A.B. asks: 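Please find one structure pasted underneath; my questions will follow.
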Amino acid sequence: MNRRDFLRLGCATVIAQSPALGQLSQQQSDAMSTLEPKANGRAADFTLRIAPMMVELAPQVAISTIGYSEKVPGPLLRVREGQSVTIDVVNETDVPEYVHWHGLWVPSHVDGVEEEGTPPAPPHGRRRYQFVAKPAGSRWYHSHTAAMMDLHRGSYTGQFGFLTIDSANDPGLYDQEVFLALREWEYFLSTMDQDEMTADPNDPMPEKPATPDPRPNGLEVGAPLYSINDKMLGAGDPLRVKSGQRILMHLLNASASQIHRIGLFGHRFQVIALDGNPVPAPQPVAVIEIGPGERVDAIVEMNLPGVWILGELRDAARQSGMGIVVEYANNAQPRPQWIAPPISRWDYTIFGKYAPHPTPDETIDMVFEKVPGGPHGINHWLVNGKEYPHEREFVLRQGRRYRLVFHNRSDDSHPLHMHRHLFELVEVDRKPTAGIKKDTVIVPAFGRATVDLVADQPGLTLFHCHIQQHMDFGFMALFRYA
Ligand SMILES: [Cu+2]
């Protein structure tokens with residue numbers, strides 16, 4: 001068996017089942033142990049190999065990127081809540097890499113973040129990550145390496161995958177479960193902003209300045225190719241369903257740069273969890289809006305037989321690949337159809353409840369501003385008047401409850417991510433809510449979001465916009481515990 005076959009076997013093993021290595025056949029175990037000499041006397045539950053690879057997005061369309069274990073998305077890592085997990089990362093590239101476990105409560109030195117002090121997986125070296133899997137829900141893992149002007153590093157590459165932490169309490173009210181990661185490929189810089197999510201003029205925009213910024217905008221990141229998982233619309237297997245089935249869709253926006261809106265004509269998405277956390281008031285919606293870093297779990301009842309396209313609402317993005325065919329069994333419709341769902345506004349607060357929040361011990365205001373880069377420059381970003389790094393502006397005391405107020409004084413929407421913690425939404429553009437726990441929240445252009453966070457995870461904690469370019473050019477802050 002050559003090395004490639006070994007790799008394949010390793011990958012297949014990981015997908016086929018969770019980490020119970022004891023259940024593998026002797027042959028598979030032998031293959032794994034040949035591949036992975038046991039470190040510290042114990043074989044890893046999973047191994048991820050970071051290496052260059054090709055992705056065939058469609059027949060005649062292949063791109064080269066860097067991925068995990070020759071798969072995009074990387075192997076599905078499925079574990080039980082509370083399980084102790086060991087993951088070996090083998091870095092076959094020439095640069096240091098960090099694997100971040102997004103949405104997990106892990107210590108700073110395991111979080112996969114340079115700024116928090118996690119050691120890297122060195123070039124042509126390896127690093128072992130060990131953590132207890134919590135909290136339950138849809139998590140994910142991805143590269144957390146700075147890319148700066150290199151659009152073939154960090155989250156611009158195929159280094160992302162699903163990490164599912166199963167709870168013992170999952171009622172399992174569905175017939176099929178699918179994992180759908182939204183992605184763009186072959187990123188480029190342009191003065192044209194592809195993300196046509198122009199702000200609705202009826203938006204409240206509580207942070208809009210009286211006079212607009214006259215400075216010309218800088219280069220934005222765009223992309224010509226789109227996919228769901230590793231296939232452009234029509235190139236992969238359709239999602240095969242039967243009338244009456246309930247499909248649990250785990251949606252992940254693994255994009256480095258774009259917020260996406262997804263619809264499926266004639267069907268509603270019953271949103272049950274945001275960022276992997278069950279919502280107080282599950283609701284049906286026609287369109288899901290999801291920002292880089294976010295996850296949405298939704299159940300879709302299959303009650304309109306036919307062949308449909310589940311896809312991005314923007315024609316350009318969908319026609320460039322962001323979609324998947326949904327095909328009912330035994331139907332006569334010859335071709336997949338796209339019919340745009342009715343326009344609807346995404347509103348996190350409808351999934352919450354009305355309840356008072358405990359009074360916070362302290363309020364921290366965070367003001368985000370853009371410094372436009374001009375026609376051939378990159379925009380820079382300020383948090384409270386400064387690009388990253390700050391001094392000691394953001395200090396938490398263990399056990400205290402903080403109210404963070406995100407003031408977005410820019411004309412872009414930003415998915416803001418807090419590492420190693422969950423926060424609870426308090427208000428979005430003045431609409432109050434309670435009970436929605438997230439790790440990433442889109443703050444609309446000139447909008448404001450308020451969240452509560454209990455400081456219960458001591459250690460350095462990175463906060464940043466999940467758009468890679470914004471993060472690389474100043475949109476980060478490091479929280480410390482006193
Ligand atoms: Cu941003």
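Just the heavy atoms: all of them, side chains too, but no hydrogens, waters or symmetry mates, feed the values below. Just follow the structure's listing: the first ligand is 1, and inside any ligand the first atom is 1. Every value quoted in this text rests on a predicted model; they were computed, and no experiment measured them.
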A.B. asks: Looking at residues at least two apart in the chain, or sitting in another chain, which of them share a salt bridge (charged side-chain N to carboxylate O under 4.0 Å, His left out) with Glu56?
C.D. replies: none

A.B. asks: So, at under 2.8 Å, which protein N, O or S atoms would a careful student list around the Cu ion (ligand 1)?
C.D. replies: His414 ND1, Cys465 SG, His470 ND1

A.B. asks: Do Arg139's NZ or CZ and the ring of Trp101 fall within the cation-pi criteria of under 6.0 Å and 45°?
C.D. replies: no

A.B. asks: Under the rule for salt bridge (charged side-chain N to carboxylate O under 4.0 Å, His left out), what residues qualify as partners of Arg127, not counting sequence neighbours?
C.D. replies: none

A.B. asks: May I ask you to say whether Glu362 pairs ionically with Arg400, meaning some side-chain N is under 4.0 Å from a carboxylate O?
C.D. replies: yes

A.B. asks: List in chain and number order the residues that pass salt bridge (charged side-chain N to carboxylate O under 4.0 Å, His left out) with Glu177, two or more places apart in sequence or in another chain; answer none if no residue qualifies.
C.D. replies: Arg78

A.B. asks: Relative to each other, are the rings of His466 and His464 parallel, tilted or perpendicular (30° and 60° limits)?
C.D. replies: tilted

